[in-house]
Amino acid sequence: MLVEQEIIARFCEAGHLVDPAVVSYLRERGDPALISGILAGIQEDCAVILPSHIPSLSPHRDGIRFTADPRLEVVEGMEGSAGPVRQIEDYVSLFRNRYDCLGSLIRKRSGAIPIEALTHSSRFRDSEVTVIGIVIDVKSTAKGHRILELEDPTGTMPVLFNNGRDGFSDAERIVPDEVIGVRGKPSPEGKLFYADQLFRPDVPVQHAPYTPKNSGKVALISDIHIGSDTFLREPWERFCDWLSAADDISYLLVAGDLVDGIGIYPGQEKELTIPNIYEQYDRLGEMLSTLPSELRIVLAPGNHDVVRGAEPQPVIPPEFRSQYPKNCTFVENPAVVSIHGARVLMYHGRSIDDLIGMIPGARYEAPAEMMEAMLKRRHLAPTYGRRTPVLATNKDRLLIDTVPEILHTGHVHISGISRYRGVLAVNAGAWQSQTAFQKQMNINPTPGQAIIVDLERMEPEVYDFLS
Ligand code: D5M
Ligand code: FE
Ligand code: ZN
């Protein structure tokens with residue numbers, strides 16, 4: 001086994017800094033000879049050792065490109081794919097599908113044995129092994145260690161992470177219902193598993209995002225909240241004027257909460273300037289009609305929209321779409337759109353509220369950190385049964401199956417940008433000023449911003465239209 005400090009020290013002695021992704025790769029492999037191999041192949045003046053310096057990790061380009069023409073294609077979450085509400089038994093299939101998909105991502109990096117092989121036989125009692133399971137429950141002990149119940153298709157087992165161990169801060173971030181792998185040793189009677197190391201499905205270290213050529217720019221926004229008395233009409237108009245003149249922006253993506261809706265919270269009617277749900281959608285349609293007809297607009301729903309709240313949320317139904325121009329495409333929440341082959345995973349982001357409540361140190365002011373948490377877990381809403389309602393479906397639609405080039409969310413009304421292992425994460429703020437509720441909760445929005453991404457360079461820029 002290799003511990004973090006040891007790896008950093010080896011590179012430091014040789015005069016190099018080392019990227020955290022390389023450290024976690026080397027810890028997983030646990031082979032000190034790999035470090036010597038990397039050092040042998042590196043130039044002396046190389047300041048930071050990156051994943052690209054690891055000989056066995058050449059950039060991985062999967063070659064899946066959807067089309068060049070039409071340039072925008074809905075890959076997942078097209079109208080009609082969300083399906084109806086089904087029966088309670090389907091939750092078994094949902095979690096089985098989650099375990100199979102995410103477990104196989106972990107298994108690619110570390111062979112694992114069934115939990116039953118530990119609890120029912122003494123064969124592995126003295127060896128270091130890996131098990132993969134869904135976290136059924138997780139809590140801290142009186143002494144500050146982390147204990148969790150891990151379940152795979154063969155059984156369950158309590159797993160202990162000692163707070164004195166290397167990498168304990170990752171273990172503190174374990175949330176219920178995520179799929180993890182743990183390497184360690186069972187106790188002599190086989191009743192408890194002492195974990196040394198945690199594996200998440202994660203984005204591969206060697207992931208190389210695709211960057212399309214001559215593809216222009218995309219504007220990422222969210223949470224317009226038409227109909228609310230806090231909708232910011234003037235900044236919105238300034239944005240529309242600017243967008244109409246910006247002829248290198250070919251796409252506008254909206255990640256949900258298109259309108260404020262009706263009956264979303266008690267007393268909402270007092271905060272509405274348009275109390276009719278049809279009129280709210282019509283108003284937005286009229287506003288979008290003023291934008292250039294060549295702009296491709298993609299509209300996904302959020303928790304304020306007219307469709308069911310359980311995710312995946314279906315597209316806004318046709319009876320609300322009569323005022324929308326032809327260049328609008330309605331998608332589900334979540335959805336994947338491919339722009340010139342660059343994949344944008346759009347998700348409203350309701351689970352960010354849940355993640356902030358569970359992950360130590362998480363803050364509303366840094367929503368992009370929660371997007372990283374989603375990417376590491378390869379899941380948009382890992383924890384079931386809190387504030388994010390999830391529908392029983394055969395296939396877990398909230399899995400991050402294919403790694404996107406861009407992850408685009410909203411919901412918390414605070415913008416944030418981050419890059420994680422080549423994936424650009426953008427939380428796109430809102431067009432609504434602070435509501436009475438947010439004031440009570442001490443949530444300070446950053447409204448009136450659009451995040452523009454140059455797809456060829458994959459570089460984001462924030463434009464502020466508030467004043
Ligand atoms: O959510 C905007 C933000 O405000 C989001 O972070 C949740 C928080 N919010 C808003 N209303 C509530 C209630 N009733 N409970 C808890 N948190 C809330 P939006 O989806 O735009 O309402
Ligand atoms: Fe919102
Ligand atoms: Zn929302």
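Read the numbers this way: they start at 1 and go in the same order the structure lists the ligands and their atoms.
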Novice: Starting from atom 6 (O) of ligand 1, which protein heavy atom do you reach first, and at what distance in Å?
Specialist: Asp353 OD1, 3.0 Å
Novice: May I ask you to identify the nearest protein heavy atom to atom 12 (C) of ligand 1, giving residue, atom name and distance to one decimal place in Å?
Specialist: Phe437 CE2, 3.0 Å
Novice: Considering only heavy atoms, does Asp257 approach ligand 1 within less than 4.0 Å through its side chain, its backbone, both, or neither?
Specialist: side chain
Novice: Suppose we measure from atom 8 (C) of ligand 1 to each protein heavy atom; which comes out shortest, and what is that distance?
Specialist: Ile443 CD1, 3.9 Å
Novice: Which residue from Arg387, His413, Gln440, His411 reaches closest to atom 3 (C) of ligand 1 through any of its heavy atoms?
Specialist: His411
Novice: Going by the order shown, which atoms of ligand 1 are within less than 4.0 Å of some heavy atom of Asn303?
Specialist: 20 (O)
Novice: Which heavy atom of the protein is the closest neighbour of atom 4 (O) of ligand 1, given with residue, atom name and distance?
Specialist: Gln438 NE2, 3.6 Å
Novice: Grab the two heavy atoms, one from Arg421 and one from Pro204, that are nearest each other, plus how far apart they are.
Specialist: CD-O, 4.1 Å
Novice: Side chain, backbone, both or neither: which applies to Val412 and ligand 1 if a contact is any heavy-atom pair less than 4.0 Å apart?
Specialist: both
Novice: If I compare all heavy atoms of Pro334 with all of Leu345, which pair ends up nearest, and what's the gap?
Specialist: CB-CD1, 4.3 Å
Novice: With the Zn ion (ligand 3) at the centre, find the angle made by OD1 from Asn303 and OD2 from Asp257, to 10°.
Specialist: 110°
Novice: With respect to the Zn ion (ligand 3), what is the nearest N, O or S atom of His411?
Specialist: ND1
Novice: Would you check if the Zn ion (ligand 3) lies under 2.8 Å from any N, O or S atom of His413?
Specialist: no
Novice: How about Phe239 and Trp431: are their ring centres within less than 6.0 Å of each other?
Specialist: yes
Novice: Between Gln313 and Glu332 (side chain of the first, backbone of the second, donor and acceptor by atom type, cut-off under 3.5 Å), is there such a pair?
Specialist: no
Novice: Quick one: does any side-chain atom of Asn427 pair with a main-chain N or O of Ala368 as donor and acceptor, under 3.5 Å?
Specialist: no
Novice: Should the proximity of His304 to ligand 1, defined as any heavy atom under 4.0 Å, be assigned to the side chain, the backbone, both, or neither?
Specialist: side chain
Novice: In ligand 1, which numbered atoms sit nearer than 4.0 Å to a non-hydrogen atom of His225?
Specialist: 21 (O)
Novice: Hey, do the aromatic rings of Phe330 and Tyr324 have their centres closer than 6.0 Å?
Specialist: yes
Novice: Got a salt bridge between Asp454 and Arg457, using NZ or NE/NH1/NH2 to carboxylate O under 4.0 Å?
Specialist: yes
Novice: With carbon and hydrogen excluded and only N/O/S kept, which atom of Asp257 is nearest the Fe ion (ligand 2)?
Specialist: OD2
Novice: Using salt bridge (Lys or Arg N to Asp or Glu O under 4.0 Å) as the criterion, point out the one residue from Arg378, Arg377, Lys376 that pairs with Glu178.
Specialist: Arg377
Novice: When you draw lines from the Fe ion (ligand 2) to NE2 of His225 and to OD2 of Asp223, what angle lies between them, to the nearest 10°?
Specialist: 110°
Novice: Please give the atom name: the N, O or S atom of His348 nearest to the Zn ion (ligand 3).
Specialist: NE2
Novice: Should Asp396 and Arg98 count as an ion pair when the cut-off is N to O under 4.0 Å?
Specialist: yes
Novice: What part of Tyr265 sits under 4.0 Å from ligand 1 if we count only heavy atoms: the side chain, the backbone, both or neither?
Specialist: neither
Novice: Can you tell me if His304 has an N, O or S atom under 2.8 Å away from the Zn ion (ligand 3)?
Specialist: no
